[in-house]
Amino acid sequence: MAKYTSIAETGDELPFEVNFIEQAEYIDSESFAELTIEHPEEDAILRKLMGGGAKTLIGPRGCGKSTLMLKAFHRILDSENHQTLPVYVNFKLALKVEPLYSKSANAPFWFKGWLTLKVIEALHQTLDQIENLSLPDSIPEKKFVSRALLKIEAGTTDGAEIDQFSIQFLQEVIDDVLSRNHFIRCVLLIDDAAHAFSEKQQEDFFDFFRAVKSKSIAPKAAVYPGITSHSPSFQVGHDAEQIDVWVKPSGEDYETFMLNLAKKRFHGTQISLTEKNQDDFAFLAYCSFGIPRAFLGMLRTIYNAPESYFNADGSLSKSKILTLARSGKEMSHGVYSSLEAKLPSLKSYVQNGELVYQVILNSIQEFNAGKILSEQTMQFGIRSPLDPNLEKVISFYQYAGLLMPVGDFSRGENGVFSVYEVHIGDLVTANAIVSRRTKSTSLFLEVLRAKKHQIWPRTFSSKILELAKLSSSSFKISLPQCQNCGTERPNPEARFCPNCGSRLKSSSAYEQLADQDISVLDISNAMKDRIKENSQIRKVRDILIDNSREQLMAIKYIKKARAVKIVASAEEYVS
């Protein structure tokens with residue numbers, strides 16, 4: 001096999017490192033088709049995204065929602081028969097507007113104005129890509145839109161003249177564009193639509209989503225499972241059809257889906273999939289638990305140091321693969337643990353949730369003990385109804401991509417059980433499957449490829465809480481801390497800290513997140529040190545305001561691919 005060059009040897013970016021950009025919205029449009037693969041249910045999903053009616057696309061972070069949204073956008077845009085006008089807009093940084101909710105009684109007005117302006121900004125981007133269109137004079141100019149957005153995001157709403165840019169105005173502008181150019185409808189693709197960390201913002205978004213829907217405008221929104229708060233007037237199923245896009249990690253279709261992703265990303269490099277290593281890559285795919293972003297992280301690791309993973313004959317090192325497989329869960333656990341900073345009022349739920357999760361893993365390990373490999377399970381069932389505190393914890397694990405809902409199953413007189421599948425990377429790490437001293441990818445694959453049985457450990461909310469040594473009093477809502485000394489305020493109305501006497505300020509989730517040191521980001525420690533040693537970047541907000549990425553790319557060994565990864569990590573952290 002050819003001698004590999006590792007990232008450690010050069011210190012610089014490798015030629016194909018851009019192949020391993022994990023988030024679809026950061027991939028260049030010219031490379032998008034080359035680097036993305038077909039979802040097992042892609043045709044059906046795209047038909048719904050490209051057609052009429054409101055839809056919500058649901059799945060945890062990294063499962064492919066953005067890829068499907070962008071595929072729908074490009075497919076409509078590239079079609080020869082232009083009957084549909086596609087508009088793709090990303091609301092990832094909607095939390096920038098969240099500080100207004102603690103400072104302004106009129107925050108919903110400004111947020112909905114921000115939403116409207118973001119759609120108009122995206123509309124301009126679409127119109128720039130279609131030739132010979134007739135455009136109405138009522139569309140605000142790009143410069144005005146950009147300035148107004150910046151003012152709202154900065155909280156300087158005085159003088160931001162957006163009063164006339166209502167939802168009705170947006171509908172009228174879009175309808176005017178449609179009628180002038182003989183389009184049937186506008187498909188409004190809203191990515192990263194509903195964020196977990198500002199419940200009021202989420203409700204205001206769904207009011208906007210419901211109001212903008214019309215015969216000619218079909219909104220589609222990518223949302224998260226478990227934590228999305230809909231407005232009182234919005235009903236899933238009635239106001240929008242829900243489409244689950246989280247790929248189930250089982251079967252030949254799943255393996256083909258993930259292995260095709262590996263082939264695309266390794267194309268042109270020295271690495272290839274062969275008969276000798278295909279099962280090893282399939283094993284890694286299972287350990288990513290249906291989340292392509294996690295699998296891409298593993299592929300990037302192999303690409304950056306292939307000499308550490310490949311044997312001389314082209315096969316993969318079994319011990320290295322087993323170690324790497326355990327990293328498949330790290331991204332999802334990082335998403336889960338970040339909730340403590342993003343939802344400080346619910347930190348007890350996040351912390352206690354770790355105890356609950358361990359109890360669940362232990363129950364599966366005990367259930368599988370002594371069973372032959374083909375009869376081992378990766379699922380567990382909790383009798384309905386669930387304890388409300390436990391239900392909240394499980395919703396957080398769904399959001400993070402660690403628990404996948406399977407459905408509700410009746411067991412006769414024993415009741416109805418809500419069944420969940422547990423992250424395969426955790427089952428591998430915790431010896432919950434293949435509980436032997438000598439392990440191999442082939443043994444794990446025997447479990448993972450076995451026909452699924454509806455046999456799983458049954459448990460109850462009270463039993464899980466008892467084993468985790470938790471009670472109802474263990475779960476509490478925490479009040480915001482003093483910005484000066486960190487003491488929790490005694491009550492929501494308190495104006496001064498009982499410990500240091502400082503005046504208590506209104507709490508903003510976005511400002512707290514943006515003010516964190518870059519050490520919280522999901523990038524290597526070496527990269528964090530390099531950034532601090534060679535720039536003035538210290539906080540997350542310093543990366544967010546570097547719109548052109550000039551500061552990052554001025555640092556030695558940080559070029560396009562790494563700058564994209566660092567910015568993506570910062571935006572993920574505050575979104």
Side-chain angles (χ1 to χ4, degrees), residues 60 95 98-99 101-102 194-203 224-230 232 332-363 382-403 418 420 459-513 515-516 520 573-574:
L95 210 61
E98 180 267 346
Y101 282 80
S102 59
H195 296 273
F197 318 118
S198 178
E199 187 171 318
K200 187 65 178 75
Q201 242 186 317
Q202 286 191 47
E203 291 179 1
Y224 302 116
I227 47 72
T228 298
S229 297
H230 302 99
S332 294
H333 277 284
V335 171
Y336 178 82
S337 61
S338 72
L339 288 173
E340 187 170 341
K342 294 176 177 180
L343 291 171
S345 65
L346 296 177
K347 65 180 180 181
S348 69
Y349 286 81
V350 180
Q351 293 169 350
N352 292 334
E354 294 180 357
L355 301 174
V356 168
Y357 194 70
Q358 189 57 54
V359 167
I360 291 169
L361 285 173
N362 291 343
S363 71
I382 307 178
R383 192 170 72 180
S384 299
L386 276 65
D387 175 272
N389 293 316
L390 186 60
E391 190 171 22
K392 173 65 73 175
V393 165
I394 286 177
S395 74
F396 287 169
Y397 276 109
Q398 288 184 66
Y399 161 74
L402 291 163
L403 292 180
S418 297
Y420 301 86
T459 188
F460 311 89
S461 297
S462 57
K463 184 176 180 181
I464 290 176
L465 295 175
E466 179 186 349
L467 291 172
K469 298 181 179 178
L470 297 171
S471 64
S472 297
S473 61
S474 303
F475 299 91
K476 63 177 184 176
I477 305 296
S478 302
L479 293 173
Q481 296 177 339
C482 169
Q483 290 88 344
N484 184 50
C485 70
T487 301
E488 184 178 325
R489 59 188 70 191
N491 59 70
E493 291 75 31
R495 296 184 179 181
F496 296 93
C497 175
N499 182 52
C500 70
S502 298
R503 178 176 287 277
L504 296 172
K505 301 176 183 178
S506 297
S507 178
S508 162
Y510 178 80
E511 289 175 346
Q512 291 178 7
L513 294 170
D515 277 336
Q516 294 296 310
V520 301
Y573 184 73
V574 300

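What you see is a predicted model; the values in this text were computed from it and never measured. As a basis for the values below, the full set of heavy atoms in this structure was taken, side chains included, without hydrogen atoms, waters or symmetry mates.
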| task | Quick one: do Leu346 and Leu339 satisfy side-chain contact (heavy atoms from CB on, under 4.5 Å)? Show the steps, please. | result | CA-CA 8 Å; Leu346 296 177; Leu339 288 173; over 6 Å; no
| said: Minimum heavy-atom separation for Ser471 and Ser473, please, with both atom names. | reply: OG-OG, 2.9 Å
| query | For Leu470, does its backbone N or O pair with a side-chain atom of Asn352 as donor and acceptor, under 3.5 Å? | reply | no
| message | Less than 6.0 angstrom separating the ring centers of His333 and Tyr397, yes or no? | response | no
| field | Pairwise distance CD1(Ile360) to CD1(Ile394) - rounded to 0.5 angstrom | value | 5.5 Å
| said: Is the shortest side-chain heavy-atom distance between Ser332 and Pro60 below 4.5 Å? | reply: no
| Sub-4.5 Å side-chain heavy-atom contact between Lys476 and Tyr349 | no
| request: Could you please spell out the steps behind the side-chain contact (heavy atoms from CB on, under 4.5 Å) verdict for Leu386 and Ser418? | output: CA-CA 9 Å; Leu386 276 65; Ser418 297; 4.0 Å; yes
| note | d(Lys347 NZ, Phe475 CZ) to nearest 0.5 Å is 15.0 Å
| said: Which residues pass the side chain to side chain donor-acceptor pair (under 3.5 Å) test with Glu340, not counting sequence neighbours? | reply: Gln351
| request: Supply the atom-to-atom distance Glu391 CD to Ser384 OG, rounded to the nearest 0.5 angstrom. | output: 8.5 Å
| query | Is there side-chain contact between Tyr336 and Glu354, with heavy atoms separated by less than 4.5 Å? | reply | yes
| query | If you round to the nearest 0.5 Å, how far is OH of Tyr420 from CD of Gln398? | reply | 5.5 Å
Check: residues 459-467 side-chain donor-acceptor pairs under 3.5 Å, at least two apart:
unit_1, atom_1, unit_2, atom_2, d
Ser461, OG, Asp387, N, 2.9

| Going by the angle between their ring planes, with limits at 30° and 60°, are Tyr399 and Tyr224 parallel, tilted or perpendicular? | perpendicular
| field | Pairwise side-chain contact, Lys469 with Leu355, heavy-atom cut-off 4.5 Å (strictly under) | value | no
| Separation between CG of Leu402 and CZ of Phe396, rounded to the nearest 0.5 Å | 13.0 Å
